[in-house]
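Input: a single structure, listed below in structure tokens.
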Amino acid sequence: MSGQHKSGAVENGGFLVFLALVSLVLLYIVWPFVAPLLWATLAAIMFQPMYQWFRARLGGSNRAAIATLLVITVAIIIPAFFIGGVVVEQTTAVVLAFREGRVDIAALFETVHDALPEAIRQNLDASGFGTPEMVQQRAQDLALESSGLIAQQAVAITGSALGFVLAFGIGLYVAYFLLRDGRDVGRQVIAHLPLASDVAYELAERFLAIVRATIKGSVVVGLVQGALGSITYWIAGVPNIVLLGLLTALFSLVPAIGPAVVWAPVALYLLAVGDIWQGVVVLVSGFAVIGMADNVLRPILVGRDTGIPDWIILVTTLGGIAAMGLSGIVVGPLVAGLFLAAWGVLAQQRGVTQPLAAEAE
């Protein structure tokens, strides 16, 4: 019996090693398409209620999945491509203007510098940041670095056009099946996790809640603030409104200051050059419209407490962007939420009533 027990233990250990190796090899194979697979999964989770609505009215899962994908394509994907093209065009124009000297940073700096209060001007002059020559040199260096970066990205995109088409097609293809069969796939994944069933189901529920809170609380609110910012800049006559709107949406992910990083300098510049009513419009809209959109929409979409402290959202969002690019906007807070959820489950099992997120706050 002892020999059979040892033999069975060795066989089980060998099978676990084989399972781990096969899983790692599979992960390595699908890694080039991890971004489209991620967005397909998120889309299937977020648009599952729409899929169920179509299914109840169209009477078939295949037709409901196709109808849902059409809505996603028309309402999200096509506008995203259009906005992305405009942003690239406006970014290139700004970089080229700096590079060719068509934007006189020195004169602009002197205008803003002279409009500042005396105490601020003295501090700038004393610290060495009050000379237009220094600002002009830094702006030229930034323009050269930015133009080189854009050139590299353009070459990379051109060289991998086929890869982009494949990734885009795979994302839509996987999203179709996840919309149709996502619930069954989720149950099978939960059933095969090496966790207790109650823990696995609780983590799955928290995972879905975190995904919805992250998408609605970060992406949707950011897009709304970016759109409001673009409208504000258009009313004030500011150029490159699509680029500024995108920057406003991106900085909305930063807690506390958020989109003020973009609209506040724009307003100060307008006031400094004498465009008083335009600067006042941007200031009023920044405080009363763009800034308040977060306070109004976030409680409606996700509630007032998502369970993740603001400073963790900031760090994980920036870290996710650095590690995975655009996908990191969602992956960073998602991983942080799962981390807090897992420790929360452990705390419940140990009888600790205060969750980790509350302690962090």
Side-chain angles (χ1 to χ4, degrees), residues 27 30 33-58 60-77 79-80 167-193 195 197 199-224 253 297-298 300-303 305-308 313 316-317 320-321 324-342 344-345:
L27 179 62
V30 303
F33 302 101
V34 66
L37 292 176
L38 169 67
W39 288 106
T41 303
L42 297 177
I45 293 174
M46 294 303 301
F47 289 92
Q48 187 63 212
M50 180 182 294
Y51 163 78
Q52 296 296 336
W53 186 86
F54 277 123
R55 184 179 180 182
R57 284 155 180 79
L58 299 179
S61 58
N62 292 328
R63 284 176 287 185
I66 293 174
T68 306
L69 283 181
L70 288 176
V71 172
I72 294 174
T73 301
V74 173
I76 298 178
I77 296 177
F168 182 72
I170 288 175
L172 288 179
Y173 187 72
V174 173
Y176 167 80
F177 285 102
L178 289 180
L179 283 168
R180 193 188 66 178
D181 307 322
R183 290 187 173 182
D184 295 333
V185 172
R187 295 189 187 98
Q188 293 180 12
V189 170
I190 294 173
H192 288 82
L193 288 176
L195 299 171
S197 59
V199 174
Y201 276 102
E202 184 170 358
L203 286 177
E205 291 178 359
R206 296 196 182 190
F207 171 78
L208 295 177
I210 292 168
V211 169
R212 295 189 178 99
T214 301
I215 298 294
K216 293 179 181 179
S218 298
V219 178
V220 174
V221 174
L223 291 176
V224 171
L253 301 173
L297 292 178
R298 194 177 297 272
I300 297 175
L301 294 175
V302 299
D305 186 10
T306 60
I308 308 178
I313 294 178
T316 54
T317 298
I321 294 174
M324 299 186 63
L326 183 62
S327 300
I329 294 176
V330 176
V331 174
L334 180 60
V335 173
L338 288 176
F339 172 81
L340 295 176
V345 171

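Residues satisfying the salt bridge (charged side-chain N to carboxylate O under 4.0 Å, His left out) criterion with R187, sequence neighbours excluded, are D184. The ring-ring contact (aromatic ring centres under 6.0 Å, His included) test applied to F177 returns Y173, not counting sequence neighbours. Listed by chain and residue number, N62 satisfy the side chain to side chain donor-acceptor pair (under 3.5 Å) test with Y176 (two or more places apart in sequence, or in another chain). Judged as a side chain to side chain donor-acceptor pair (under 3.5 Å), and not counting sequence neighbours, the contacts of Q52 are Q48. Not counting sequence neighbours, R55 has no partner by the salt bridge (charged side-chain N to carboxylate O under 4.0 Å, His left out) test.
Note: L69 CG to L172 CG = 6.0 Å, rounded to the nearest 0.5 Å. Summarising the geometry, atom CD belonging to E205 is positioned 9.5 Å from atom CG belonging to L203; distances are rounded to the nearest 0.5 Å. Expressed to the nearest 0.5 Å, how far CD1 of I72 lies from CG of L179 amounts to 5.5 Å. For the atom pair CZ (F207) and CZ (R212), the distance works out to 10.0 Å, reported to the nearest 0.5 Å. A distance of 11.5 Å separates OG1 of T73 from CD1 of I66, quoted to the nearest 0.5 Å.
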message: If you apply the rule side-chain contact (heavy atoms from CB on, under 4.5 Å), what do you find for T316 with F339, and how did you get there?
response: CA-CA 11 Å; T316 54; F339 172 81; over 6 Å; no
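Here the shortest heavy-atom pairing between M50 and V71 reads SD-CG1, 3.7 Å.
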If you look only at distance, which donor and acceptor atoms sit under 3.5 Å apart when one is on a side chain in residues 34-47 and the other is two or more places apart or in another chain?
residue : atom : partner : partner atom : Å
W39     : NE1  : S327    : OG           : 3.0
T41     : OG1  : L37     : O            : 2.8

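Between F33 and V174, every side-chain heavy-atom pair lies at or beyond the 4.5 Å cut-off.
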